[in-house]
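One structure below.
Position 1 is the first residue of the sequence; numbering continues from there.
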Amino acid sequence: MTKSNFDKIYTEPDPRAYYETLGGLGYEIPAHSATLFGQVASIVGNGHPAKVVDLCCSYGVNSAMLKYDVGFDEVLSHYIDPACRDLGREELLCRDRGWLAERASVDAPVVVGVDASAPAIDYACEAGLLDGGMAEDLEVAEPSDALTAELADVDLISVSGGIGYITERTIDRVLDRAESPWVAALCLRWVDFGPIVDAAARHGLVTERLDDTTFPQRRFADDAERDHVLAELEEMGIEPDGREAEGWHHTDFYLLRPAEDVDAAPLAELVVPEGGVRSPDADRLLEATVASSASDLRACTSRLTTT
């Protein structure tokens, strides 16, 4: 996966560099994930608070909006506020706890985060941004006993923008230990989601992709990143006009779940994709691709691009 390297901001002892750096690039994918994942969590919860395991959770940004009555603009403003620039870590934690205590949501989901960065997990748990967290790299190791226990009763597995950093290896290991959960993902359009489709199929899950609507992640960091992404999209046969050609990473939304759930309520009937970018010629009603294999997904992508 070739993309501008921001590794350092994910391993700082607190989230300030993360928000300052990505906020400067118009970072907005957490706002879209909060909307989409929140809608799905309310469905799988079936009247009760859902249990969500958020992969590549970093400092708990998705969890902040799922668990608390805050929007992404407020989260971003909270951490780039000059008033917190000179605070020590413990002072920042105290500030966070007071801020969050005033914004607790009724019937909020239980959110457990998984990320390779121990500093990010530690901070999110101490602040109350996560209900629990595991610093584990599932690309290289099996889930710990503690994570396995958390996955046993999970309702929804979520990941926003992390596909590519994590692959079908992580998804396979997670689904091995979960009992038919739903999986919700926002994946950059230039990253091949096909291997995830195949991994999910091995566990009895069918993949749906919301069509004609994409969700901006952030602006490209530089021309080199933009050129690389446009070249990848051309190779994949995906049209960038109105999206990546305008200087932004864009993501597709995927929902993976058992076939009987797809038959009972198709994806296009479940979500309201606020803030997404729709094709100018898209029908008023949402449409979704249903795929049981990587080849299914790629064939549907080819048809969408050429029609």
Side-chain angles (χ1 to χ4, degrees), residues 32-55 62 65-67 105-112 150-160 163 168 170-187 193-215 251-276 278-279 282-301 303-304:
H32 305 304
S33 60
T35 297
L36 294 163
F37 297 171
Q39 291 174 16
V40 174
S42 68
I43 295 167
V44 295
N46 196 27
H48 302 282
K51 183 174 183 180
V52 180
V53 170
D54 190 35
L55 305 178
N62 289 334
M65 291 174 288
L66 292 174
K67 289 178 54 59
S105 295
V106 177
D107 297 327
V110 174
V111 185
V112 176
E150 294 289 1
L151 289 167
D153 61 349
V154 66
D155 298 303
L156 175 65
I157 295 163
S158 61
V159 55
S160 61
I163 303 299
E168 68 275 12
T170 290
I171 299 302
D172 214 18
R173 285 168 168 163
V174 167
L175 292 179
D176 265 342
R177 291 155 175 83
E179 186 66 35
S180 297
W182 288 17
V183 181
L186 282 161
C187 178
F193 199 75
I196 307 297
V197 177
D198 286 341
R202 291 193 291 272
H203 295 274
L205 303 184
V206 173
T207 297
E208 295 166 280
R209 181 189 59 209
L210 194 63
D211 292 336
D212 291 323
T213 305
T214 62
F215 302 88
T251 62
D252 284 318
F253 177 65
Y254 295 89
L255 187 63
L256 297 72
R257 52 197 177 128
E260 58 267 27
D261 294 328
V262 176
D263 293 339
L267 171 60
E269 298 177 4
L270 295 183
V271 298
V272 179
E274 299 172 6
R278 299 204 68 193
S279 300
D283 293 335
R284 182 176 61 84
L285 298 177
L286 296 174
E287 295 183 359
T289 285
V290 180
S292 297
S293 68
S295 58
D296 285 349
L297 184 67
R298 290 166 187 147
C300 290
T301 299
R303 288 198 297 272
L304 283 173

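Under the side-chain contact (heavy atoms from CB on, under 4.5 Å) criterion, Ser105 pairs with Asp69, Ala108, sequence neighbours left out. Every residue two or more places apart in sequence or in another chain that forms a salt bridge (Lys or Arg N to Asp or Glu O under 4.0 Å) with Glu208 is listed here: Arg257. Not counting sequence neighbours, the partners of Asp172 by the salt bridge (Lys or Arg N to Asp or Glu O under 4.0 Å) test are Arg202. Not counting sequence neighbours, Thr207 has no partner by the side-chain hydrogen bond (donor to acceptor under 3.5 Å, both in side chains) test. For Pro195, the side-chain contact (heavy atoms from CB on, under 4.5 Å) test picks out Glu168, Asp192, Arg298, with sequence neighbours left out. For Asp153, the salt bridge (Lys or Arg N to Asp or Glu O under 4.0 Å) test picks out Lys51, with sequence neighbours left out. Looking at residues two or more places apart in sequence or on another chain, you find no ring-ring contact (aromatic ring centres under 6.0 Å, His included) involving Phe253. Listed by chain and number, the residues in a side-chain contact (heavy atoms from CB on, under 4.5 Å) with Ala201 amount to none (sequence neighbours excluded). In this view, Ser295 and Ser293 satisfy the side-chain contact (heavy atoms from CB on, under 4.5 Å) rule, not counting sequence neighbours. Partners of Thr251 under the side-chain hydrogen bond (donor to acceptor under 3.5 Å, both in side chains) rule, at least two apart in sequence or in another chain, do not exist in this structure.
A 4.5 Å side-chain heavy-atom check between Ser33 and Phe215 finds every atom pair outside the cut-off. Here the side chains of Thr170 and Leu55 are in contact, with some heavy-atom distance below 4.5 Å. At least one side-chain heavy atom of Asp176 sits less than 4.5 Å from a side-chain heavy atom of His203. Looking at heavy atoms from C-beta onward, Ile196 lies in side-chain contact with Ile163 at the 4.5 angstrom threshold. Between Leu255 and Val183, the closest side-chain pair of non-hydrogen atoms is not below 4.5 Å. Contact of the Asp252 side chain with the Thr214 side chain is registered, since non-hydrogen atoms from C-beta on lie closer than 4.5 Å. A heavy-atom distance below 4.5 Å is found between the side chains of Leu151 and Val53.
In this structure, Ile171 CD1 and Ile157 CD1 are separated by 7.0 Å, a value rounded to the nearest 0.5 Å. Here Arg209 contributes atom CZ and Leu256 contributes atom CG; the two are 12.0 Å apart, rounded to the nearest 0.5 Å. How far OG of Ser292 is from CG of Leu205: 10.5 Å, rounded to the nearest 0.5 Å.
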Report the C-alpha separation of Asp155 and Trp182 in whole Å, then their side-chain angles, then the decisive distance to 0.1 Å, and conclude whether the side-chain contact (heavy atoms from CB on, under 4.5 Å) test is met.
-> CA-CA 6 Å; Asp155 298 303; Trp182 288 17; over 6 Å; no
Under the side-chain contact (heavy atoms from CB on, under 4.5 Å) rule, what do Leu286 and Leu210 come out as? Steps first, then yes or no, please.
-> CA-CA 8 Å; Leu286 296 174; Leu210 194 63; 4.2 Å; yes
Give the C-alpha distance, both sets of side-chain angles, the deciding distance and a yes or no for side-chain contact (heavy atoms from CB on, under 4.5 Å) between Val52 and Val110.
-> CA-CA 6 Å; Val52 180; Val110 174; over 6 Å; no
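Between Leu66 and Ala34, the shortest heavy-atom distance links the atoms CD2-O, 3.9 Å. When every heavy atom of Ala291 is checked against every heavy atom of Val206, the shortest pair comes out as O-CG1, 3.7 Å. Pro273 approaches Thr213 most closely through the heavy-atom pair CB-CG2, 4.1 Å.
Looking only at distances, a side-chain donor or acceptor of Asp211 sits under 3.5 Å from a matching main-chain atom of Thr289. Under a 3.5 Å cut-off, the side chain of Asp198 and the backbone N or O of Ala294 do form a donor-acceptor pair.
Listed by first then second residue, pairs satisfying salt bridge (charged side-chain N to carboxylate O under 4.0 Å, His left out) with a partner in residues 259-275 number zero, not counting sequence neighbours.
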Residues 35-44, side-chain donor-acceptor partners within the protein, below 3.5 Å, at least two apart:
| unit_1 | atom_1 | unit_2 | atom_2 | d |
| --- | --- | --- | --- | --- |
| Thr35 | OG1 | Ala31 | O | 3.2 |
| Gln39 | OE1 | Val272 | N | 2.8 |
| Gln39 | NE2 | Val272 | O | 3.0 |
| Ser42 | OG | Gln39 | O | 2.6 |

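Inspection of the Asn62 and Ser158 side chains reveals no N or O donor paired with an N or O acceptor under 3.5 Å.
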